[in-house]
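This report concerns only the one structure given below.
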Amino acid sequence: MAIKVTVWNEYVHEVEEEAIGKLYPKGIHGCIAEFLEKAGMKAHTATLREPEHGLSEEVLNDTDVLIWWGHVAHQEVDDKIVEKVYARVLDGMGLIVLHSGHASKIFNKICGTNTGELKWREVGEKEILWVVDPSHPIVDGLPEKIIIPSEEMYGEYFGIPAPDELLFLSWFEGGEVCRSGFCYHREKGKVFYFRPGHESFGTFYIPEVQQVIINAVKWATPINFPELVRGMVDPIIDFTPSGDFTSVH
Ligand code: ZN
């Protein structure tokens, strides 16, 4: 069965800035949904200004993997929706956070840091993303490095918790480096952050970038696992409790 992906985009730059609208006539979400569909996935899109930001309970419950692109309107995202997305991630929905999504409410909630900050420079410079984990399914079919001719720079220090898996390290023409692709596991959910994707550079048209996102969707798709059991439980093996809460033996 096809993987069900919801591509969420705040969809502000494309509407408010002519050049960005021309670069992504169907929005960044439309561009991403299109290459995911070509890869055999079932892609649905959702944007900030829709009711519930397009992320109703029905949509979230029918989503295997949620992709998140946001930049100028992180604060407009309703905390209640963030809580719902977070709960779905813990319950197994995959989450892929792109580029400036590093400062989104949902990414900060996942990271538990409330910072996610870093250095940046928007002049259009070369970025080389080096694969630093050649065993990982997200780098399947990629060369050892992806060269992006023109991107926004993100530089360390990047205020994230140490990733569970670090896959990409970026070098920028101006000298900075950045952890640019990494994974977290949160209960039943898998989370992948991928750095490239500034709105003005057409990065989402680059085949290797598309390949990373396609691979990441496959990786982040939920597996079959029962609902997690919590709280006080009966023992699974019969035994006679001592009943003595003070015993040190
Ligand atoms: Zn950017």
Side-chain angles (χ1 to χ4, degrees), residues 5-38 43-55 59 66-79 81-82 85 95-108 115-129 146-155 158-159 168 170 172-174 176 178 180-181 192-214 216-217:
V5 190
T6 297
V7 185
W8 190 89
N9 176 18
E10 66 179 23
Y11 195 37
V12 173
H13 291 291
E14 299 95 318
V15 174
E16 293 182 357
E17 294 167 58
E18 206 186 328
I20 312 297
K22 271 190 182 150
L23 187 57
Y24 289 110
K26 294 174 188 167
I28 286 173
H29 53 295
C31 169
I32 294 173
E34 213 164 271
F35 69 72
L36 293 178
E37 289 268 353
K38 274 188 198 148
H44 170 85
T45 62
T47 54
L48 178 70
R49 303 270 148 86
E50 292 171 48
E52 296 182 87
H53 313 316
L55 298 174
V59 168
L66 175 66
I67 295 181
W68 195 277
W69 195 102
H71 181 216
V72 285
H74 293 315
Q75 289 316 312
E76 288 179 41
V77 177
D78 190 332
D79 291 342
I81 303 293
V82 176
V85 170
L95 176 68
I96 296 169
V97 177
L98 299 171
H99 187 61
S100 37
H102 73 86
S104 65
K105 288 181 178 179
I106 185 61
F107 188 65
N108 277 305
T115 55
E117 285 309 320
L118 37 71
K119 294 188 181 75
W120 61 275
R121 176 172 59 240
E122 198 188 319
V123 296
E125 60 196 280
K126 188 186 283 180
E127 172 178 13
I128 302 181
L129 288 117
I146 302 171
I147 301 175
I148 300 178
S150 207
E151 249 292 354
E152 178 184 11
M153 182 282 291
Y154 278 5
F158 186 0
F168 294 98
S170 284
F172 292 90
E173 219 166 346
E176 288 84 0
C178 189
S180 284
F192 177 61
Y193 172 83
F194 193 47
R195 196 218 73 82
H198 186 71
E199 66 276 3
S200 65
F201 297 115
T203 302
F204 294 116
Y205 294 110
I206 299 172
E208 289 92 341
V209 168
Q210 297 183 355
Q211 190 63 51
V212 171
I213 296 169
I214 290 164
V217 168

Is it true that a side-chain atom of [X] and a backbone atom of [Y] form a donor plus acceptor pair closer than 3.5 Å?
{"X": "Glu152", "Y": "Glu122", "result": "no"}
{"X": "Glu125", "Y": "Phe172", "result": "no"}
{"X": "His53", "Y": "Val77", "result": "no"}

>> Taking Glu76 first and then Arg49, would you say they form a salt bridge - that is, a charged N and a carboxylate O separated by under 4.0 Å?
In response: yes
> Between Lys119 and Glu176, is there a side-chain N and carboxylate O pair less than 4.0 Å apart?
Replying inline: no
> Of the non-hydrogen atoms in Gly70 and Trp8, which two are nearest, and what is the gap between them?
Replying inline: CA-CZ3, 4.4 Å
> Can you name the nearest heavy-atom pair linking Thr6 to Ala46, along with the distance?
Replying inline: CG2-CB, 4.1 Å
>> Would you say His29 and Tyr24 are linked by a side-chain donor-acceptor pair, where the criterion is simply a distance under 3.5 Å?
In response: no
> Hey, mind stepping through Phe35 and Phe204 against ring pair (Phe, Tyr, Trp, His ring centres under 6.0 Å) and telling me if it holds?
Replying inline: CA-CA 9 Å; Phe35 69 72; Phe204 294 116; 7.4 Å; no
>> So if I apply the side chain to side chain donor-acceptor pair (under 3.5 Å) rule between Tyr154 and each of Arg195, His99, His198, Glu127, which one comes out positive?
In response: His99
> What's the verdict on side-chain contact (heavy atoms from CB on, under 4.5 Å) for Val12 and His71, showing C-alpha distance, side-chain angles and the deciding distance?
Replying inline: CA-CA 9 Å; Val12 173; His71 181 216; over 6 Å; no
>> Over 60° means perpendicular and under 30° means parallel, so tell me whether His13 and Trp69 are parallel, tilted or perpendicular.
In response: perpendicular
>> Parallel, tilted or perpendicular, judged at 30° and 60°: which one describes the rings of Phe168 and Phe194?
In response: tilted
